[in-house]
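Protein chains get the first letters and strands the later ones, always in sequence-line order, with residue 1 at the start of each.
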Amino acid sequence: MPELPEVETIARGLRTGESGRPALPGMMVEKVSIRWPGHIAEPSIPVFTRRVRGRVIRDVSRRGKFVVIPLDRETLLIHLRMSGDLQVAPTAAAPDRYAHTVFHLSEGWDLRFSDARKFGRVYLAQDPQSVLGTLGPEPLDPDFTPAVLSLRLRNHRRTLKPLLLDQTFIAGLGNIYADEALHRACLHPLRRSDSLRREEAERLWQGIREALQTGLQHNGASIDWVFRGGDFQNHFRVYQRTGEPCPICGSSIARIVLGQRGTHFCPSCQPEVES
DNA sequence: AGCGTCACCCGGACGC
DNA sequence: TGCGTCCGGGTGACGC
């Protein structure tokens with residue numbers, strides 16, 4: 001489940017090049033191999049194949065959990081979902097069995113979208129806003145102030161944890177960083193969004209920023225999906241630490257299910273009543 | 001309208 | 001070995 005820090009780490013690597021692999025900007029897509037049609041969300045496969053051919057990659061960036069690749073015409077948008085990974089590899093090297101979509105680039109290089117669980121999606125859009133338009137604010141953007149978060153929280157009467165996972169509320173958080181952010185903010189995941197006092201909303205803002213920035217410093221977390229490099233998984237405070245001691249107070253980390261998602265928290269640091 | 005819940009898409013991991 | 005179950009991001013259906 002690549003979330004904001006993992007997607008950002010992947011996007012940076014593709015933009016600048018890494019470990020002997022070239023940077024993507026400036027390279028041309030000579031053709032695309034689609035081994036599993038379900039990967040292509042839009043447009044249709046024939047149209048996608050035709051329109052992407054001959055395009056030059058201008059940049060690689062990120063919006064929410066999307067990898068955004070502007071071409072000289074149109075924009076390629078890739079959502080990695082659960083198990084997706086993007087790698088640059090020599091065309092001559094055998095692709096792994098999950099490389100369902102492969103862009104053959106200039107100079108003998110591939111951009112490979114490997115995705116074991118096939119949840120990922122590729123979009124080719126004239127206007128990237130048609131795909132990204134519903135996303136909420138970027139949590140690390142300077143415009144995302146505590147006041148902005150506070151206002152958005154009060155505009156809903158929703159359970160905190162599922163609200164943090166709602167990409168239209170805030171873009172980029174997934175299960176890991178939502179749990180880690182709530183723990184840092186000392187807020188119970190069942191709290192109602194409109195019940196937070198100003199000081200609590202500020203704590204949540206801080207918790208979100210700290211969790212994401214710490215994840216970024218560790219190049220993201222490597223669990224479940226094939227992702228090399230990141231080691232934030234060794235620094236989780238609550239996520240997937242059910243029964244283990246809270247790093248702050250030593251209490252046993254609890255796990256509940258909220259909105260069909262495993263939710264990890266410290267019952268002592270994150271009391272259900274106002275703190 | 002806003003909210004919560006659930007099914008669905010997949011296949012790896014794991015328990016029995 | 002071979003089942004069954006769990007997990008999860010995002011979307012859409014449904015009911016309140």
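Taking the side chain to side chain contact (heavy atoms under 4.5 Å, CB included) definition, one finds that A:P43 meets it with A:V47, A:F48, A:R51, A:L124, sequence neighbours left out. Shown here are the salt bridge (charged side-chain N to carboxylate O under 4.0 Å, His left out) partners of A:R12, two or more places apart in sequence or in another chain: A:E8. Taking the salt bridge (charged side-chain N to carboxylate O under 4.0 Å, His left out) definition, one finds that A:D115 meets it with nothing, sequence neighbours left out.
Counting only residues at least two apart or on different chains, the salt bridge (Lys or Arg N to Asp or Glu O under 4.0 Å) pairs with a member in residues 87-110 of chain A are A:D110-A:R112. Legend: ring pair (Phe, Tyr, Trp, His ring centres under 6.0 Å) pairs involving residues 6-27 of chain A, not counting sequence neighbours: none detected. Residues in residues 245-260 of chain A take part in no salt bridge (Lys or Arg N to Asp or Glu O under 4.0 Å) pair, two or more places apart or across chains.
Cluster partners of A:I256, using a side-chain heavy-atom cutoff of under 4.5 Å among ILVMFWY residues and allowing indirect links, are A:L190, A:L258, A:F265.
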Next item on the list: Give the B/S/- string for nucleotides 9-16 of chain C, one per nucleotide from 5' to 3', where a protein heavy atom under 4.0 Å of the base yields B, of only the sugar-phosphate yields S, and otherwise -.
Entry: BB------
Would you be so kind as to tabulate the donor-acceptor pairs closer than 3.5 Å made by side chains of residues 75-82 of chain A, with sequence neighbours excluded?
residue : atom : partner : partner atom : Å
A:H79   : ND1  : A:R81   : N            : 3.0

Pairs under 3.5 angstrom only: tabulate donor-acceptor contacts from the side chains of residues 140-148 of chain A to other protein residues two or more places apart or in another chain.
residue : atom : partner : partner atom : Å
A:D141  : OD1  : A:D143  : N            : 2.9
A:T145  : OG1  : A:V148  : N            : 3.2

Hey, what are the protein-to-nucleotides 2-6 of chain C N/O distances that come in under 3.5 Å?
none

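A rotation axis mapping the C1' atoms of four pairs onto the next four is fitted at both ends of the helix from B:dG2-C:dC16 to B:dC16-C:dG2 over five pairs, and the angle between these axes is 50° to 10 degrees.
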